[in-house]
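Structure first, commentary second.
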Protein chains: 2
Amino acid sequence: MIEDLSHNEKLILNVFKKSNKPLKAYQILFQVQKKGIKSPTQVYRALDKLQEIGKVHKIESRNSYLICNNTDCLNKSSVSFLICNLCEKIVEIEDKLFSNHFSKICEEFNRKYTQHNLEIFGTCISCSEKK
Amino acid sequence: MIEDLSHNEKLILNVFKKSNKPLKAYQILFQVQKKGIKSPTQVYRALDKLQEIGKVHKIESRNSYLICNNTDCLNKSSVSFLICNLCEKIVEIEDKLFSNHFSKICEEFNRKYTQHNLEIFGTCISCSEKK
DNA sequence: TATTGTAATGTTATATTATTACATAATGTG
DNA sequence: CACATTATGTAATAATATAACATTACAATA
């Protein structure tokens with residue numbers, strides 16, 4: 001629940017809401033320094049919490065973080081993204097299907113599925129048209 | 001072709017061959033310091049090349065690198081891994097199927113698939129049995 | 001309201017991962 | 001050999017992330 005976010009957590013969530021783009025931890029830090037947050041630790045703490053509750057996801061290959069606009073994101077820890085290889089625009093995909101599919105794959109390899117991280121790179125329509 | 005790897009590239013590929021586990025750049029650096037390699041730059045350069053030719057893949061969520069044992073890996077830039085969430089054992093999955101599937105998803109979103117990065121987390125059999 | 005326990009914050013330092021920029025050496029080709 | 005190209009070496013620094021510990025805020029309850 002967003003209501004019980006702490007002061008710092010709300011601050012940083014707001015930075016995401018305003019930008020609606022993937023952000024890096026130190027970009028966020030620079031944004032909130034005006035508001036009194038001084039150290040990376042504080043940012044990373046908030047990011048951790050926001051990730052735990054599924055409001056923010058990390059894009060591993062980019063070391064960046066993206067707000068989740070799904071009202072109640074299923075992807076607490078599992079995430080699937082489409083990333084444009086040219087302009088870096090990123091879209092999150094909802095994915096019950098993926099989880100089921102990946103669970104089966106895990107079974108084949110004698111593993112118990114817990115979560116996944118999927119990044120699909122491709123050229124978005126506007127970048128395709130620019131050529 | 002492995003034959004036309006440079007001296008440093010071969011050195012570092014050998015470190016992977018000996019360990020056969022995911023390695024971090026600075027772990028590699030410590031290993032090869034005996035052999036005269038002194039700086040991270042040198043390691044990262046070799047890693048870049050090894051990744052380009054598909055002999056090594058990066059595991060983004062771990063900032064680590066893994067040798068690819070497929071004789072001629074299809075996954076030059078696309079990779080799919082199973083990662084044990086407990087012991088961190090990692091297995092690479094070959095995946096023509098994935099690429100096809102992800103291409104279709106890209107089409108649905110008006111994108112042209114280029115590559116992907118998939119990390120499926122799950123508990124491996126030996127970790128399951130330990131409980 | 002005083003006490004006390006917990007969660008949140010603040011602060012400093014440092015670890016880890018990766019790149020830039022530039023200098024030097026080695027190697028192949030005309 | 002001369003020259004271009006590729007590989008190496010070297011130093012500095014940027015970018016990302018965590019550890020450790022001090023302080024404050026705040027709610028529960030005696």
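Order of the sequence lines sets the chain letters (A, B, ...), proteins ahead of strands, with each chain counted from 1.
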Below the 4.0 Å mark, does [N] have OP1 or OP2 next to a side-chain nitrogen or oxygen of [X]?
| X | N | answer |
| --- | --- | --- |
| A:Lys58 | D:dA17 | yes |
| A:Lys24 | D:dA15 | no |
| B:Asn63 | D:dA17 | no |

So, using ring-ring contact (aromatic ring centres under 6.0 Å, His included) as the criterion, who are the partners of B:Phe121 when residues are at least two apart? none
[X] [atom1] to [N] [atom2]: how many Å, rounded?
| X | N | atom1 | atom2 | value |
| --- | --- | --- | --- | --- |
| A:His7 | D:dA25 | NE2 | C1' | 13 Å |
| A:Asp4 | D:dC26 | CG | C1' | 15 Å |
| B:Ile59 | C:dA18 | CD1 | P | 12 Å |
| B:Leu23 | C:dT16 | CG | P | 16 Å |
| B:Leu29 | C:dA15 | CG | C1' | 15 Å |
| B:Gln27 | C:dA18 | CD | C1' | 15 Å |
| B:Arg62 | D:dT18 | CZ | P | 12 Å |
| A:Glu60 | C:dT17 | CD | C1' | 14 Å |

Once side chain to side chain contact (heavy atoms under 4.5 Å, CB included) is applied, do any residues pair with [X], and if so which ones, sequence neighbours excluded?
| X | value |
| --- | --- |
| B:Lys24 | B:Gln27, B:Asn63, B:Ser64 |
| A:Asn100 | none |
| A:Lys38 | A:Gln42 |

Near-strand residues of residues 37-50 of chain B, defined as heavy-atom separation under 4.0 angstrom from DNA chain D: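 Within residues 37-50 of chain B, the residues near DNA chain D are B:Lys38, B:Ser39, B:Thr41, B:Gln42, B:Arg45.
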Drop me the distance from B:Glu119's CD to B:Ile93's CD1, to the nearest 0.5 angstrom. 11.0 Å
From B:Ile67 CD1 over to B:Ile12 CD1, what is the distance, rounded to the nearest 0.5 angstrom? 12.5 Å
Quick one: list whatever passes salt bridge (Lys or Arg N to Asp or Glu O under 4.0 Å) with B:Glu60, sequence neighbours left out. B:Lys58
With a centroid cutoff of 5.5 Å and a plane-angle limit of 30°, would you call B:Tyr26 stacked on C:dT16?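 Here the ring of B:Tyr26 and the base of C:dT16 are not stacked, as the 5.5 Å and 30° limits are not both satisfied.
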